[in-house]
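Note that these values count all heavy atoms, side chains included, but never hydrogens, waters or copies made by symmetry. Keep in mind it's a predicted model, so treat the numbers as computed, not measured.
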2 protein chains.
Amino acid sequence: MTGAAPRLVDIAESAGVSVATASRALSGREGVSAAVAERVKQIAESLGYIANVHARSLAGGTTSSVGLVIHEVADPYFSEIASGVMRVAGRQGLSVQMCHSGRDPQIELRQLRTLIANRVGVIVVAGSGYLDQEAERSIHRELTRFTQAGGRVVAIGRHQHATDAVLPANTDGGHAVTRHLLELGHRRIAVIAGSLGLTTVADRLTGVHRALSAAGLGEQDVPVVEAPFTREGGKAATLELLERYPDRTAVLALNDDMAIGALSVLRSRSLRVPDDMSVTGFDDVPVAADLSPSLTTVRLPMQQMGEKALELALRPPAKRPRRVVMPATLVERGSSGPPRSS
Amino acid sequence: MTGAAPRLVDIAESAGVSVATASRALSGREGVSAAVAERVKQIAESLGYIANVHARSLAGGTTSSVGLVIHEVADPYFSEIASGVMRVAGRQGLSVQMCHSGRDPQIELRQLRTLIANRVGVIVVAGSGYLDQEAERSIHRELTRFTQAGGRVVAIGRHQHATDAVLPANTDGGHAVTRHLLELGHRRIAVIAGSLGLTTVADRLTGVHRALSAAGLGEQDVPVVEAPFTREGGKAATLELLERYPDRTAVLALNDDMAIGALSVLRSRSLRVPDDMSVTGFDDVPVAADLSPSLTTVRLPMQQMGEKALELALRPPAKRPRRVVMPATLVERGSSGPPRSS
DNA sequence: CTGAAAGCGCTTACAG
DNA sequence: CTGAAAGCGCTTACAG
């Protein structure tokens with residue numbers, strides 16, 4: 001074996017045609033007799049020819065790959081979104097290049113530059129923007145340049161960069177789940193939240209506060225404990241909450257991961273859910289329904305959000321950024337109930 | 001704005017040097033005066049220059065991307081692996097191109113060809129091989145060609161293609177969890193399994209049978225209900241099991257997803273776990289510890305498996321395929337206990 | 001329908 | 001240390 005992958009010129013030679021003809025035949029373009037096209041394809045097949053995408057992209061100015069920036073693929077919120085993106089990409093024959101931002105604007109910027117270097121045609125950025133103005137500016141600049149060079153950008157979640165976006169109804173969701181707890185009779189609620197610097201957190205919290213104030217409660221009535229937006233963060237926040245605000249009857253977690261952490265801590269303290277404490281989540285990750293008690297939460301159609309984002313990106317840009325709002329639906333399950341009558 | 005991304009020649013021109021010098025300066029190669037290098041870098045920075053990876057790869061014959069084939073990213077087993085791969089890739093400045101095989105050898109083949117077309121330097125294939133010989137052959141052929149052309153392939157899980165591999169101790173794990181149930185006193189066990197055509201399933205089952213026979217039980221004593229290797233599959237299999245084998249005292253699921261499905265069905269039937277029925281899983285996905293009851297399972301270090309796989313791929317190939325076995329550890333939690341004394 | 005040639009944006013010997 | 005030139009493997013006008 002030679003060890004070298006066959007090139008187009010090898011196929012052309014073997015078929016006794018020019019590379020131009022071979023190229024046309026293989027890409028199914030017009031202007032090649034059926035017989036020749038057939039022969040070329042046959043030969044390519046038998047030689048195991050696979051066109052070099054780099055050469056193709058350089059020569060043709062085309063690209064068949066999309067970049068996907070997520071915070072962390074092991075986080076089910078993002079893996080669901082990624083799955084949706086991959087499904088559409090698979091259908092369209094596109095490759096997806098995935099990278100982690102780790103919720104760090106510096107890293108996000110670096111990853112974006114890598115994607116641009118790789119000449120992806122589309123970039124889907126999932127996960128909230130940062131409230132850090134400075135960091136956002138550099139990201140914005142890079143994305144603008146990319147767009148001006150013909151790239152397409154779609155954000156999932158609110159993003160500083162004005163672009164087409166798929167927006168989960170975070171505020172609505174925060175409102176709905178808060179009202180749910182209020183209607184059950186809870187007044188002594190505590191919120192456990194991821195970093196307040198994330199727009200996702202800020203938006204959900206806005207919904208919470210809106211529902212609170214509609215019920216005559218103020219922000220000061222509902223403490224917000226901040227911690228990492230993860231299961232571990234949920235545990236830490238719940239521990240702190242139990243210590244500092246022992247009178248609470250409901251824990252409103254701003255994502256399911258934190259809620260799962262809360263359930264775990266409550267179980268270890270032998271506090272019954274929902275009898276002693278109600279717990280609610282946000283996102284409705286797949287496992288939420290299978291927890292015990294099953295988790296009352298706000299459903300976001302994550303896979304669809306991923307699909308929709310790439311579909312938007314594949315359409316030609318509109319004059320003004322398109323915004324697709326994805327509904328947030330309250331899902332009442334076993335983890336929430338009336339407060340203990342203390 | 002022109003709309004076109006600046007090229008190396010633009011930088012060179014702007015800096016008053018040749019493209020050769022500019023290229024050397026930007027890639028930090030030797031043979032450029034510090035002053036010139038500095039100036040070139042400055043200009044590149046200010047113009048927002050990002051080298052075209054396609055051109056670079058074509059010219060230099062290098063590649064900075066790795067391909068990752070997994071069954072489905074929304075499956076936590078694979079998202080954990082993917083996370084490990086991405087972590088190492090991030091450290092090394094490599095891009096990762098991810099694709100789904102959907103546990104379909106035809107699709108896997110197509111995805112491999114796409115990765116090869118994209119001239120990735122490394123391919124990590126996660127997920128078991130298929131027992132389907134025919135399908136494996138084409139995949140094997142493609143990977144061999146890739147390797148001969150200088151590519152590196154590492155499999156996670158047993159794979160027909162003889163290559164460096166990270167091998168979870170599936171058989172050991174199957175053995176350990178079965179012995180655990182036997183030691184608790186269970187004799188009337190049922191297995192719920194993903195497709196028997198997957199090597200992962202076959203290997204885990206081998207461990208189960210080995211432990212069974214060591215305890216004087218035969219394969220015919222332990223029915224195996226086959227269903228999709230998912231939560232839904234776990235539900236379906238458990239429903240069938242309850243109907244066909246009502247005397248069972250333990251459900252041994254061959255992955256956590258199926259176990260979660262089983263727990264869900266048992267709960268809806270008001271069967272208590274582990275009092276009425278023990279349930280065990282396999283993998284130890286993050287949520288397993290947070291279920292209620294928490295899931296007894298076999299831990300596989302999935303993130304590490306992903307990391308290890310890419311690390312292996314980044315080392316030069318050895319004469320003979322390297323095999324790294326990753327230990328499977330029994331994790332005893334709340335979902336298993338002695339059988340009801342009926 | 002087919003081919004010769006230019007060119008995509010880089011890198012890397014080869015000279016100087 | 002620096003530059004002119006060839007070449008990576010394709011595609012796409014441009015001729016014929």
Side-chain angles (χ1 to χ4, degrees), chain A residues 2-41 43-44 47-65 114 116-121 149-150, chain B residues 2-41 43-44 47-65 114 116-121 149-150:
Chain A
T2 129
R7 300 150 304 163
L8 183 58
V9 60
D10 300 319
I11 307 305
E13 207 163 283
S14 182
V17 298
S18 70
V19 293
T21 297
S23 169
R24 293 187 192 106
L26 292 176
S27 48
R29 224 173 298 288
E30 306 237 289
V32 195
S33 72
V36 171
E38 190 49 39
R39 185 153 46 89
V40 172
K41 284 182 187 165
I43 289 175
L47 264 51
Y49 172 72
I50 304 180
N52 184 327
V53 165
H54 292 137
R56 178 171 276 181
S57 154
L58 238 201
T62 57
T63 173
S64 60
S65 61
T114 300
I116 293 171
N118 280 276
R119 292 305 189 265
V120 298
Chain B
T2 129
R7 297 151 305 161
L8 182 58
V9 61
D10 300 320
I11 308 305
E13 209 163 281
S14 183
V17 298
S18 70
V19 292
T21 296
S23 168
R24 292 186 192 106
L26 292 176
S27 46
R29 224 174 298 286
E30 306 236 288
V32 194
S33 71
V36 172
E38 190 47 41
R39 185 154 44 90
V40 172
K41 282 184 189 163
I43 290 175
L47 264 51
Y49 172 71
I50 305 180
N52 184 328
V53 165
H54 292 138
R56 179 171 275 183
S57 153
L58 238 199
T62 59
T63 174
S64 60
S65 62
T114 301
I116 293 171
N118 280 277
R119 292 307 188 263
V120 298

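- When the nucleotides D/dG3, D/dG9, C/dC10 are ranked by their closest atom to the side chain of B/Ser18, D/dG3 comes out on top.
- With sequence neighbours excluded, no residue satisfies salt bridge (charged side-chain N to carboxylate O under 4.0 Å, His left out) with B/Arg56.
- The CG atom of B/Asn52 sits 13 Å away from the C1' atom of D/dC10 (whole-angstrom rounding).
- When the P atom of C/dG9 is taken as reference, atom CG of B/Leu26 falls 16 Å away, rounded to whole Å.
- Residues that satisfy the side-chain hydrogen bond (donor to acceptor under 3.5 Å, both in side chains) test with B/Thr62, not counting sequence neighbours, are absent from this structure.
- Counting any heavy atom pair closer than 4.0 Å across all strands shown, B/Val17 reaches sugar-phosphate atoms only and no base atom.
- Rounded to whole Å, the distance from CG on B/Leu58 to C1' on D/dG9 is 5 Å.
- When all heavy atoms are compared, the tightest approach of A/Ala5 to B/Ala149 is N-CB, 4.1 Å.
- For B/Arg7, the side-chain hydrogen bond (donor to acceptor under 3.5 Å, both in side chains) partners are B/Asp10, not counting sequence neighbours.
- Atom CD1 of A/Ile116 and atom C1' of C/dG9 are 17 Å apart (whole Å).
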At under 4.0 Å between heavy atoms, how does the protein contact nucleotides 11-16 of chain C? Give one character per nucleotide, 5' to 3', with B, S or -.
BBB---
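- Between B/Leu26 and B/Tyr49, the shortest heavy-atom distance links the atoms CD1-CE2, 3.5 Å.
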Could you list the donor-acceptor pairs under 3.5 angstrom formed by side chains in residues 12-20 of chain B, with sequence neighbours left out?
unit_1	atom_1	unit_2	atom_2	d
B/Ser18	OG	B/Ala20	N	3.4
B/Ser18	OG	B/Thr21	N	3.1
B/Ser18	OG	B/Thr21	OG1	3.3

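- When base pairs are accepted only as Watson-Crick or G-U wobble with both N-N or N-O distances under 3.5 Å, DNA chain D takes part in stems of 3 or more pairs at C:1-3 with D:14-16, C:5-12 with D:5-12, C:14-16 with D:1-3.
- B/Asp10 places its CG atom 13 Å from the C1' atom of C/dC8, with the value rounded to the nearest Å.
- Remark: side-chain polar atoms of B/Asn52 are paired, donor with acceptor, to backbone N or O of B/His54 under 3.5 angstrom.
- Atom CD of A/Glu13 and atom P of D/dG9 are 13 Å apart (whole Å).
- A residue-by-residue look at A/Val9 and B/Ala34 shows that B/Ala34 has its nearest nucleotide of DNA chain D further toward the 5' end.
- Between the P atom of D/dC10 and the CZ atom of A/Arg7 lies a distance of 8 Å, rounded to the nearest Å.
- Counting heavy atoms from C-beta outward, A/Val40 and A/Val32 have side chains that stay 4.5 Å or more apart.
- The side-chain contact (heavy atoms from CB on, under 4.5 Å) with A/Val53 is formed by just one residue from the set B/Asn118, B/Ile116, B/Thr114; it is B/Asn118.
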